[in-house]
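Worksheet for the structure shown next.
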Amino acid sequence: MSKKILVVDDEQSILTLLQYNLEQAGYEVLTALDGEEGFQKGLKETPDLIVLDLMLPKMDGIEVCKQFRQRKMMVPILMLTAKDDEFDKVLGLELGADDYMTKPFSPREVVARIKAILRRTQFLVEPDIEEEEDSTEKIAIGELKILPEHYEAYYSSDRLELTPKEFELLVYLAKHKGRVLTRDQLLSAVWNYDFAGDTRIVDVHISHLREKIERNTKKPLYIKTIRGLGYKLEEPKVDE
């Protein structure tokens, strides 16, 4: 069954170009010309991934992204921006986008990026239902419990609502518990391509994770900042 991609952009030429290339790659494609239409189609059609332009009529991409996340829709969102503007990129990521691309871009580059995102999240939406629970990988760190094969993470007994990228980052940190990981290492491992040193992306997602797993984000017990190097996830110390 082909994956369903929703493309939201107010330029018909871009919609046509992306629709053609994505369909040639085997995807089912839905399109919308404004943010309001894109938001409604996203709610109704439950796509596997959304390509979302930042500057849209009726409802801009930032607001669309924000509304999806507030409704606990954790579908991967690839944000498009015509501005080579750090603020726009970071704002989009802070509100729940998983990735971004700056216009102009080649259609093949977009298709490749979408394939990479879906390839890394495919196991999350197609679990092996016959797999015995005892054989499922589990990671336990303090009050954190992570089930990578089922795309589930819990803090104490509460299930965490994580975007795909937040979940991938948490799993990677957990699998390397106690090790200091540089921002560049995390970019390469979790985002799977070169962001040309744009390590602010890592900081934004670390901040999101801390908001969800730390009782006090200013004094984190799990995800520690190693000044001048990066981050590490460790067992919380009871005396902290």
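No experiment lies behind these values; they were computed from the predicted model shown.
- Judged as a side-chain hydrogen bond (donor to acceptor under 3.5 Å, both in side chains), the pairs with a partner in residues 14-23 (not counting sequence neighbours) are, in order, Q12-T16, Q19-E23.
- The shortest side-chain heavy-atom distance between V8 and F39 does not fall under the 4.5 Å cut-off.
- With 3.5 Å as the limit, one finds a donor-acceptor pair spanning the side chains of E63 and Q67.
- The backbone N or O of H205 sits nowhere less than 3.5 Å from a side-chain atom of R210 that would complete a donor-acceptor pair.
- The nearest pair of heavy atoms linking P47 to V75 is O-CG2, 3.3 Å.
- To the nearest 0.5 angstrom, I206 atom CD1 is 13.0 Å from T217 atom OG1.
- Contact of the V202 side chain with the L187 side chain is registered, since non-hydrogen atoms from C-beta on lie closer than 4.5 Å.
- Side-chain contact between L18 and V110 is present, with at least one heavy-atom pair separated by less than 4.5 Å.
- A continuous path of Ile, Leu, Val, Met, Phe, Trp and Tyr side chains, each step under 4.5 Å between heavy atoms, connects L221 with I146, placing both in one hydrophobic cluster.
- The two residues L6 and G38 have their closest heavy-atom pair at CD2-O, 3.5 Å.
- Using a 4.5 Å cut-off on side-chain heavy atoms (C-beta onward), I5 and V51 make contact.
- The minimum heavy-atom distance between A174 and I139, with the atom names listed, is CB-CG2, 3.9 Å.
- Aromatic ring orientation, Y155 versus Y222: perpendicular (interplanar angle above 60°, classes split at 30° and 60°).
- One distance of note links CG of D48 with CD1 of I114; it measures 11.0 Å at 0.5 Å rounding.
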Problem - CA sep, side-chain torsions, deciding dist, call: R179, L233, side-chain contact (heavy atoms from CB on, under 4.5 Å) - result: CA-CA 7 Å; R179 284 180 52 185; L233 190 149; over 6 Å; no

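- In this structure, I223 and L173 approach most closely via the heavy-atom pair CD1-CD1, 4.1 Å.
- Atom CG of L15 sits about 11.5 Å away from atom CG of L30, to the nearest 0.5 Å.
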Problem - Evaluation steps, salt bridge (charged side-chain N to carboxylate O under 4.0 Å, His left out), between E234 and K177 - result: CA-CA 6 Å; E234 62 183 21; K177 182 181 72 171; over 6 Å; no

Exercise for the section: Would you check, one step at a time, whether the test side-chain contact (heavy atoms from CB on, under 4.5 Å) holds for L209 with L162? Expected result: CA-CA 8 Å; L209 280 178; L162 302 174; 4.0 Å; yes

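- By the side-chain hydrogen bond (donor to acceptor under 3.5 Å, both in side chains) test, Y231 is found to be paired with R183, D203, residues two or more places apart in sequence or in another chain being considered.
- Under the side-chain hydrogen bond (donor to acceptor under 3.5 Å, both in side chains) criterion, Q70 pairs with no residue at all, not counting sequence neighbours.
- Shown here are the side-chain contact (heavy atoms from CB on, under 4.5 Å) partners of Q185, two or more places apart in sequence or in another chain: L181, T182.
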Handout entry: Test salt bridge (charged side-chain N to carboxylate O under 4.0 Å, His left out) applied to E166 and K212, step by step
Key = CA-CA 10 Å; E166 289 167 4; K212 296 175 180 180; 2.6 Å; yes

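- Of the charged side-chain nitrogens involved, none lies within less than 4.0 Å of a carboxylate oxygen, so that D10 and K58 do not count as a salt-bridged pair.
- Distance check: F167 CZ to K165 NZ gives 12.5 Å after rounding to the nearest 0.5 Å.
- Within 6.0 Å of the CZ atom in R159, the count of heavy atoms belonging to other residues, nucleotides or ligands exceeds 12.
- Smallest separation of non-hydrogen atoms from L56 and G61: CD1-N, 4.1 Å.
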Exercise for the section: Check the pair R113 / V111 against side-chain contact (heavy atoms from CB on, under 4.5 Å), numbers first and verdict last. Expected result: CA-CA 5 Å; R113 188 72 61 89; V111 172; over 6 Å; no

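- Although no hydrogens or angles enter the test, the distance criterion places a donor-acceptor pair under 3.5 Å between the side chain of E235 and the main chain of G142.
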Exercise for the section: For side-chain contact (heavy atoms from CB on, under 4.5 Å), just list the numbers for T102 and M79, CA-CA rounded to whole Å, side-chain angles, deciding distance to a tenth of an Å, and then say yes or no. Expected result: CA-CA 9 Å; T102 303; M79 187 78 79; over 6 Å; no

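- Follow the hydrophobic side-chain contacts under 4.5 Å out from L160 and you reach I141 in the same cluster.
- Connection of L80 to L17 is not established within any shared hydrophobic cluster, with ILVMFWY side chains joined at heavy-atom distances below 4.5 Å, either directly or through further cluster members.
- The distance from the CG atom of L49 to the NZ atom of K3 is 10.5 Å, given to the nearest 0.5 Å.
- Residues passing the side-chain hydrogen bond (donor to acceptor under 3.5 Å, both in side chains) test with D60: none are found, sequence neighbours excluded.
- No donor-acceptor pair closer than 3.5 Å links the side chain of E45 to the backbone N or O of K41.
- Once rounded to the nearest 0.5 Å, the distance linking CD1 of I213 with OG of S156 reads 13.0 Å.
- For the pair C65 and A97, the tightest heavy-atom approach, listed with the atom from each and the gap, is SG-N, 3.3 Å.
- Here I226 is tied into one hydrophobic group with V180, L229, each link being a pair of ILVMFWY side chains closer than 4.5 Å.
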Exercise for the section: Kindly indicate, with the supporting measurements, whether the criterion salt bridge (charged side-chain N to carboxylate O under 4.0 Å, His left out) is fulfilled by K103 and D9. Expected result: CA-CA 12 Å; K103 296 178 181 177; D9 198 296; 2.9 Å; yes

